[in-house]
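In what follows, a single structure is set out as structure tokens and then discussed.
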Amino acid sequence: MLSIENLQASVDEKAILKGLNLSVGAGEVHAIMGPNGAGKSTLSNVMGGRPGYEATGGSVTLDGVNLLELEPEERAYAGLFLAFQYPVELPGVSNMEFLKAAVEANCENRGVEAPNTPAFLKAAREACAQVNLNPDFLKRGVNEGFSGGERKRNEILQMIMLQPKLCVLDETDSGLDIDALQVVADGVNSMRSDDRGFVVITHYQRLLDYIVPDFVHVLSDGKIIKSGGSELALELEKNGYGWIEQEVA
Amino acid sequence: MSESVERINERLASDYEAGFVTDVENDSLPPGLDEDTVRAISARKNEPEWLLEWRLKAFAKWKTLTEPEWAHVSYQKIDFQALSYYSAPKGQGDGPKSLDEVDPEILRTYEKLGIPLHEQKRLAGVVAVDVVFDSVSIHTTFKDKLAEAGVIFCPISEAVKDHPELVKKYLGTVVPISDNFYACLNSAVFSDGSFVFIPKGVTCPMELSTYFRINAMNTGQFERTLIIAEEGASVSYLEGCTAPMRDENQLHAAVVELIALDDAKIKYSTVQNWYMGDEEGRGGVYNFVTKRGLCKGRNSHISWTQVETGSAITWKYPSVVLRGDNSIGEFYSVALTRGRQQADTGTKMIHMGKNTRSTIISKGISAARSENCYRGLVRVAPTAEGARNFTQCDSLLIGDTCGAHTFPYIESRNNSAVIEHEASTSKVSDDQLFLCQQRGLDPEKAVSMIVNGFCKEVFRELPMEFAVEAGKLLEISLEGSVG
Ligand SMILES: Nc1ncnc2c1ncn2[C@@H]1O[C@H](COP(=O)(O)OP(=O)(O)OP(=O)(O)O)[C@@H](O)[C@H]1O
Ligand SMILES: [Mg+2]
């Protein structure tokens, strides 16, 4: 469903992604690991169309749609969801109103009927339960005063509500306690399905104990330098990245 | 500036849905201002001698005053001789009529603006409306129903005739004729406006509102509003304003006086959407307004809430004089500037009585090349034992070509006073916009949501149906402001 070919991207005119290839099939979970500063978050930002992240070559297509030509919100309509490494606050904008507007915009643009208010409220409360957030969080401002872990769970809440085709999770596990990690993983696992793909960016095997990936890739210096099955993550955990980087060099 | 901010700023500049002109014949005074103009206005309104005298006194004073220049705004000096000081649609000059007599063009104007004048069309009749078109009041709804409760709600020109003792007793007692340049001018030439009197112990049975519209070209609008709540009375009043899009600037110099006696409560809300001018700053309304409330009695309570989105220039400081012991003054403000708009607005809280309390919440939002300035004074007199003030003053910037300024003045002459001031300036960040867009919201929707969130504490103070209206107005106003 997702196909990234020879993607090159720069930030502030500095080349960060240097010919990256990745293809994710429907129903698959891909983990991306790699040293700090390798370009993992950049990849997710370029996919989402964040201002300042410029794709200078290559392509990113989701079910045949070239994402790079679209506005960020249109990429969302096409089915892309990014869970952010550092979710920001929207003070005074209630989670509920934010979710409702987002769900409605996505439904409208995907040509499906938006749920009526009672159905929406029900779904929102269920999603809260699923990520173990008290429904009172729906009334609070988006991420306003949320703890780090609550923010990450709120990202999963949004993911559940928006039903995307492709979910990219950028270090959603960092800063989580063990219980929250379980909650996040359960959220992801509950959404795994034959028509949905996942790209999970992480530094730790720990998360992959809960979300077992079909493929693991190592991203280093703007490229995927090694790919394998879930056992690759265990190897990385044990030996670090040095040996692969040497192998490639 | 990010691409999305540019997209919003472009759209912000454009739409003004109330910008149409109504084609009616006018009975206008020729441009120019001298004593004869004042006399002519008074004569057109068949006013009693005492009021003419009052106007002439104001005019004599005005000639000795000069325009204030301390505000953080810049504009070409107004040529007061080039303005017309009275304009009324033909045949409507001497006060409100039954609806059958109102020019259908004018009725259509209000329908278009979403203010139907037929009472049965109003939602369950919860709001009574007085509508002022240029210099005259066209129609007041629900007068009979209000009269049953003892409430007087009518054009001030009518009150002058029917309730002269009340008008005489209170007019100019809160804003004296010599108060400031524009208030003084208003006192000399004021045209129409609303008069509200809530007798002792009465809670006004419905929201009252006045809708002001400037239509005629080169005409100043000088309305005068006077609201009195006697002992234990309470009332909630709302004003709304629009004007057509014209290349010339229109002057609006209103005076509003509120008087609350013992245990009375007045809540005054404004949704101001005068025409702001085009992207280059041509045209638009100069909104130079004096609004002041007097908490005259013990435990009285006056609350100003304003949502200011229109006007080329806004110069406005709704204030409260807290004279009665334990009285409360509040000011909740949202001021949005975009395009080339300039706003210098804020409040004054003058504490005189014991244990008086005031709250100021000001939210300024600036976009494009606009300038938004909060100016506020908290003064505690030596007599104001135990006075308290809390001020919170937040600015939100959209893009990086606009300006936000805060000028808080504090003068405390009583050591027991507690004055707290909090201020913040933030930007609609690219990260926030990207989060919203990634979730499927277009940049306009995103900004309007963020701005609405920023204004929440103020919108909460508006009467329910107007809160919704204000939110929508903000949304419309913000269309095109993200660049
Ligand atoms: N906005 C930016 N301005 C300047 N440099 C940037 C920006 N964003 C990313 N970079 C640079 O691009 C490189 C890749 O950063 P990126 O955030 O993609 O790394 P990462 O693989 O996600 O690292 P981590 O594991 O620490 O999250 C880094 O050198 C970083 O400093
Ligand atoms: Mg990262």
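Please read these numbers as outputs of a predicted model, since none were measured by experiment. Residue numbers start from 1 in every chain, and the chains themselves are labelled A, B, ... in the order their sequence lines are given, proteins ahead of strands.
- Residues B/Q438 and A/L80 are in side-chain contact: their nearest non-hydrogen atoms beyond the backbone lie under 4.5 Å apart.
- At a 4.5 Å heavy-atom cutoff, A/L99 makes no contact with chain B through either its backbone or its side chain.
- Residues B/G440 and A/Y77 approach most closely at O-OH, 2.6 Å, considering heavy atoms.
- The shortest side-chain heavy-atom distance between B/D431 and A/Y86 does not fall under the 4.5 Å cut-off.
- The contact between A/F81 and chain B is made by backbone and side chain atoms together, counting heavy-atom distances below 4.5 Å.
- Both the backbone and the side chain of A/E97 come within less than 4.5 Å of a heavy atom in chain B.
- Heavy-atom distances place both the backbone and the side chain of A/F98 under 4.5 Å from chain B.
- When the heavy atoms of residues 148-161 of chain A are compared with those of chain B, the residues falling under 4.5 Å are A/E155, A/Q158, listed by number.
- You'll find the side chain of A/E73 reaches within 4.5 Å of the side chain of B/P443, heavy atoms only.
- Residue B/K445 comes nearest to A/A101 through the heavy atom pair CE-CB, 4.1 Å, listed as atom of the first residue, atom of the second, then distance.
- Of all heavy-atom pairs between B/R439 and A/A102, the closest is O-CB, 3.3 Å.
- A salt bridge does not link B/D430 with A/R50: none of the charged nitrogens is closer than 4.0 Å to a carboxylate oxygen.
- Interface residue A/L162: only side-chain heavy atoms are found under 4.5 Å from chain B.
- A/L90 is listed as a side-chain neighbour of B/C436, based on a closest heavy-atom distance under 4.5 Å.
- Between chain B and the residues A/V88, A/V93, A/N106, A/L82, the largest count of heavy-atom pairs under 4.5 Å involves A/L82.
- The two atoms that bring A/P51 and B/F434 nearest to each other are CD-CD1, 4.0 Å, heavy atoms only.
- Enclosure of atom CZ in A/R140 by more than 12 non-hydrogen atoms of other residues, nucleotides or ligands within 6.0 angstrom is indicated.
- Counting non-hydrogen atoms of other residues, nucleotides and ligands closer than 6.0 Å to CZ of B/R388 gives a total of 12 or fewer.
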